[in-house]
Amino acid sequence: MSEEPGASSPEPPARPTELSPSVRAQLLATEHWSLLASRSTTQGEVLTRISMFLTFTSASLLSVALVGNATQFSDAFRAFALTVLSIDLVVGLLTHVRVMSVGMEDLMYVLAMNRLRAAYVDMDPGIRPYLMAGAHDDEEGAKRTYYFLGVRTDFSQVAGSSMVFMGFVNSALIALLLGSALLTAGLPPVVAVPVAVLVALAFFGTSLARGHRRYMAVWKNNPPVSPSTH
């Protein structure tokens with residue numbers, strides 16, 4: 001359909017205007033507070049999960065001891081103990097999975113906030129001396145955010161983590177459950193105990209290797225926008 005004489009053609013859409021530094025700072029600060037709130041909520045949730053698991057496990061082990069005294073450690077007690085330990089282990093493994101996921105999520109939030117700090121520095125380089133947390137979204141920047149009062153070894157960081165704690169507790173439960181099952185099946189203690197310990201150690205080592213593999217995958221699959229060498 002032809003246009004009528006004198007009709008004006010539609011104007012092209014206006015190009016977005018460049019945001020002022022103050023507006024950019026407000027947008028970045030809003031995102032920063034959102035990340036902080038999400039990180040706090042996630043940490044609170046996983047600590048509650050760990051607390052619930054430990055309370056459940058301690059209460060169930062106490063009930064096993066009481067039932068054992070009441071039944072004179074009969075065959076019925078052995079079945080009860082194996083059932084309770086199995087439930088404890090399942091709850092522990094589910095908690096362990098969540099703890100490992102939260103560890104990766106916490107690293108995700110740290111890197112995201114480090115990237116925002118890099119944006120703050122780009123807008124105002126003069127604030128760099130006042131930022132103690134990391135302003136680079138790479139491994140070195142993440143380590144600085146987790147501990148910016150000096151140098152802390154990777155061993156102490158890993159050994160004190162919730163992931164290692166849950167791995168150790170679940171390894172102990174695996175040893176108790178497997179050892180009890182083997183003894184119930186008639187194996188002598190000299191065989192049942194070493195087998196249970198070896199399986200528990202294998203689980204602990206596997207959980208550490210899996211956590212390390214997921215940690216290294218973060219740096220492989222997420223190239224930094226503001227590396228420390230920049």
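Keep in mind that the numbers below use all heavy atoms, side chains included, and drop hydrogens, waters and symmetry copies.
Heavy atoms from other residues, nucleotides or ligands lying under 6.0 Å from CE of M52 number 12 at most. Atom CZ of R128 has 12 or fewer neighbouring heavy atoms from other residues, nucleotides or ligands inside a 6.0 Å radius. For N69, the CG atom counts as densely surrounded, since its 6.0 Å shell holds more than 12 non-hydrogen atoms of other residues, nucleotides or ligands.
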Report the C-alpha distance between R117 and H32 in whole Å, list the side-chain angles of each, state the deciding distance to 0.1 Å, and finish with yes or no for side-chain contact (heavy atoms from CB on, under 4.5 Å). CA-CA 9 Å; R117 293 190 193 94; H32 204 148; 4.1 Å; yes
Between I87 and S60, is the side-chain contact (heavy atoms from CB on, under 4.5 Å) condition met? List the steps. CA-CA 9 Å; I87 295 174; S60 61; over 6 Å; no
Show your working on side-chain contact (heavy atoms from CB on, under 4.5 Å) between V110 and L35 and close with a plain yes or no. CA-CA 9 Å; V110 166; L35 292 171; over 6 Å; no
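With a 4.5 Å cut-off on side-chain heavy atoms, T145 and Y109 do not count as touching.
V158 and V97 end up in different hydrophobic clusters when Ile, Leu, Val, Met, Phe, Trp and Tyr side chains are linked at under 4.5 Å. Tracing side-chain contacts under 4.5 Å through hydrophobic residues (I, L, V, M, F, W, Y), one never reaches Y147 starting from M113; they form parts of separate clusters. One hydrophobic cluster, built from ILVMFWY side chains closer than 4.5 Å, cannot hold both L131 and Y146; they sit in different ones. With hydrophobic clusters built from ILVMFWY side chains whose heavy atoms lie under 4.5 angstrom apart, V193 does not share a cluster with L182.
Judged by distance alone, with hydrogens and angles left aside, the side-chain atoms of R98 form no donor-acceptor pair with the main-chain N or O of V46 at under 3.5 Å. In this structure, the side chain of S34 does not engage the main chain of T30 through any donor-acceptor pair within 3.5 Å.
Between the CG atom in L36 and the CD atom in E31 there is a gap of 10.0 Å [rounded to 0.5 Å]. Between the CG atom in D122 and the CZ atom in R24 there is a gap of 10.0 Å [rounded to 0.5 Å].
Relative ring orientation between F168 and F204 is described as perpendicular, the plane-to-plane angle rising above 60° on a 0-90° scale split at 30° and 60°.
The pair E140-R144 fails the salt-bridge criterion, with no side-chain N (NZ, NE, NH1 or NH2) lying under 4.0 Å from an Asp/Glu carboxylate O.
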